[in-house]
Trainee: 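Here's a structure for you.
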Amino acid sequence: MSQASDSIPAYDLYGETRLFPDIMHCERIVDRASGLGWTIAPHRHGILHQFFHLDGAGAEVSLDGHRIRIERPSLISVPRFAVHAFRFPGGQEGHVLSVLPDTLPELFGDAPEPLSQWRMVHAPAGIGALFDAIRGELAGALPLRNAVLRARAVEIAAAVLRSEGEGGGDAPPPALRHMRRFEALIRADPAARRPVGDYAREIGVSAEHLGRITRAMAGQSPAQFIDARRMQEARRHLAYTRLSVASVAHALGYDDPAYFSRAFRRAEGVSPSAYRASRSETA
């Protein structure tokens, strides 16, 4: 399941570079893999963090070059940018939960990510029922739906961190370190209007090399990646604060709130006010 790093696709799963269709997405392995011959080719996601639950032995997993054969029910955490691939036995039971980090500030806020490297652990008893509960909650519109979904996703993350297992403890490769540094610089001052070359110099690479890194790891140019992170901060402000749309625009360096609203609509497919309403209706 190996593939040259410069040809590993950065998947835009579920339209993730635009407005994610929901607060998270959960599906069964059979629904994702059966139509692909039970093989998921090497790929990475520039935005999504994923949790896989495999209920049984026989699968082969590749995680950033580590090839592992699953010998027992397992729970796997796959962070953004990590290259992963699967070969499942026919009829594999299990689930995959995909989340946008900005919908889970408890796990992926401004503090260092506790799940920044891949990790595989023995699946705790009952974990499959938790994934099924998320699928059921996603299908409905009960009060506090999104809060319940976030709480259950945190339970899954806690199971990963509290269980014995193995993980990607090696030092991250230079490209991943540069990518994380680039993202940290953008997040530290999302209102900044800095040329790409300024970020590249601070990271210690050329602007051209930074472009190669972001295209390989996120499927975007540096400018597109900056815009996407700025929209991520906009989503956070709209979902988790009471700031007006104009205040959110100014916090992100937009002098004209109307221009910000147009940019947000182009990026997310809805207006800032509609996005906020969609997140509050089932909060």
Side-chain angles (χ1 to χ4, degrees), residues 1-5 7-11 13-14 24-45 48-99 101 104 107-108 113-136 138 151-173 176 217:
M1 289 187 285
S2 63
Q3 188 167 333
S5 61
S7 61
I8 295 171
Y11 279 4
L13 191 61
Y14 319 120
M24 59 188 67
H25 183 86
C26 188
E27 63 187 344
R28 299 182 305 162
I29 294 295
V30 63
D31 296 330
R32 171 58 53 179
S34 61
L36 300 172
W38 297 98
T39 299
I40 307 296
H43 65 284
R44 56 164 59 99
H45 302 286
L48 295 179
H49 189 110
Q50 294 185 305
F51 298 96
F52 291 83
H53 163 234
L54 306 182
D55 188 11
E60 294 182 8
V61 183
S62 175
L63 296 162
D64 273 344
H66 297 261
R67 298 187 62 177
I68 305 167
R69 181 174 176 82
I70 302 295
E71 302 293 350
R72 59 184 184 177
S74 298
L75 182 60
I76 306 170
S77 173
V78 181
R80 294 171 303 147
F81 309 128
V83 179
H84 52 290
F86 295 88
R87 183 176 293 117
F88 301 109
Q92 172 77 61
E93 295 291 337
H95 309 79
V96 54
L97 172 66
S98 302
V99 301
L104 285 167
L107 297 176
F108 306 104
E113 294 180 11
L115 299 164
S116 60
Q117 295 184 324
W118 69 264
R119 183 167 174 79
M120 184 172 70
V121 303
H122 179 58
I127 197 72
L130 191 53
F131 280 84
D132 282 330
I134 288 176
R135 291 179 64 235
L138 283 166
R152 288 175 174 163
V154 170
E155 282 189 70
I156 290 173
V160 170
L161 295 174
R162 294 178 178 184
S163 303
E164 293 186 2
E166 54 186 309
D170 299 336
L176 180 54
M217 304 203 76

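This is a predicted model, so every value here is computed, not measured. For this chain, numbers begin at 1 and follow the sequence in order.
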Trainee: State, with a plain yes or no, whether a side-chain heavy atom of F108 is found less than 4.5 Å away from one of L115.
Mentor: yes
Trainee: Does any part of the side chain of V78, heavy atoms only, come nearer than 4.5 Å to the side chain of H45, both counted from C-beta?
Mentor: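 The answer is no, as the side chains (C-beta and beyond) never meet within the 4.5 Å cut-off.
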Trainee: How far does CD1 of I134 sit from CE of M24, to the nearest 0.5 angstrom?
Mentor: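 The distance works out to 6.0 Å.
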Trainee: With side chains defined as the heavy atoms from C-beta onward, is the minimum distance between F88 and V61 less than 4.5 Å?
Mentor: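 Side chain of F88 against side chain of V61, heavy atoms only: no contact under 4.5 Å found.
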Trainee: Nearest 0.5 angstrom please: C26 SG to D31 CG, how far?
Mentor: 10.0 Å
Trainee: Within the structure provided, determine whether M120 and I70 are in side-chain contact (heavy-atom separation under 4.5 Å).
Mentor: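 Yes, at least one pair of side-chain atoms sits under 4.5 Å.
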Trainee: Is a side-chain N or O of R44 found less than 3.5 angstrom from the main chain of V83, in a donor-acceptor match?
Mentor: no
Trainee: Is a donor on one side and an acceptor on the other found under 3.5 Å between the side chain of R119 and the backbone of V160?
Mentor: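 Flag set: sc R119 to bb V160 pair under 3.5 Å.
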Trainee: Distance check, rounded to the nearest 0.5 Å: S34 atom OG versus Q92 atom CD?
Mentor: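 Rounded to the nearest 0.5 Å, the OG-CD separation comes to 12.0 Å.
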Trainee: Sub-3.5 Å donor-acceptor pair from the side chain of H43 to the main-chain atoms of A41, do we have one?
Mentor: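 Yes: the side chain of H43 pairs with the backbone of A41.
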Trainee: If every non-hydrogen atom of L54 is compared with every non-hydrogen atom of A59, which pair is closest and at what distance?
Mentor: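 Looking at all heavy atoms of both residues, the shortest contact is CD1-CB, 4.1 Å.
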Trainee: To the closest 0.5 Å, what do you measure between CD1 (I68) and CD (E60)?
Mentor: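 It is 11.5 Å, given to the nearest 0.5 Å.
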Trainee: With F86 as reference, evaluate I29, L36, I76 under the side-chain contact (heavy atoms from CB on, under 4.5 Å) test and give the passing residue.
Mentor: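 One option only clears the test, and that one is I76.
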Trainee: Using a 4.5 Å cut-off on heavy atoms from C-beta on, say whether the side chain of W118 contacts that of P79.
Mentor: yes
Trainee: Kindly indicate whether the side chain of L75, heavy atoms from C-beta on, has any atom under 4.5 Å from the side chain of S163.
Mentor: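 A side-chain contact is absent here, since even the closest heavy-atom pair is not under 4.5 Å.
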Trainee: Nearest 0.5 Å, please: how far is NE2 in H49 from OG in S77?
Mentor: 3.0 Å
Trainee: Who are the side-chain contact (heavy atoms from CB on, under 4.5 Å) partners of P73, not counting sequence neighbours?
Mentor: D55, H122, A123
Trainee: Could you label the plane-to-plane angle of the F131 and H95 rings as parallel, tilted or perpendicular, counting under 30° as parallel and over 60° as perpendicular?
Mentor: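 The rings of F131 and H95 lie parallel, inter-plane angle below 30°.
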Trainee: Among residues two or more places apart or on two chains, list those pairs meeting salt bridge (charged side-chain N to carboxylate O under 4.0 Å, His left out) that have a residue in residues 125-134.
Mentor: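 Every salt bridge (charged side-chain N to carboxylate O under 4.0 Å, His left out) pair that includes a residue of residues 125-134, provided the two are not neighbours, is D132-R135.
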Trainee: I need the minimum non-hydrogen distance between R152 and A133, along with the two atoms involved.
Mentor: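 That closest heavy-atom pairing would be NH1-O, 3.5 Å.
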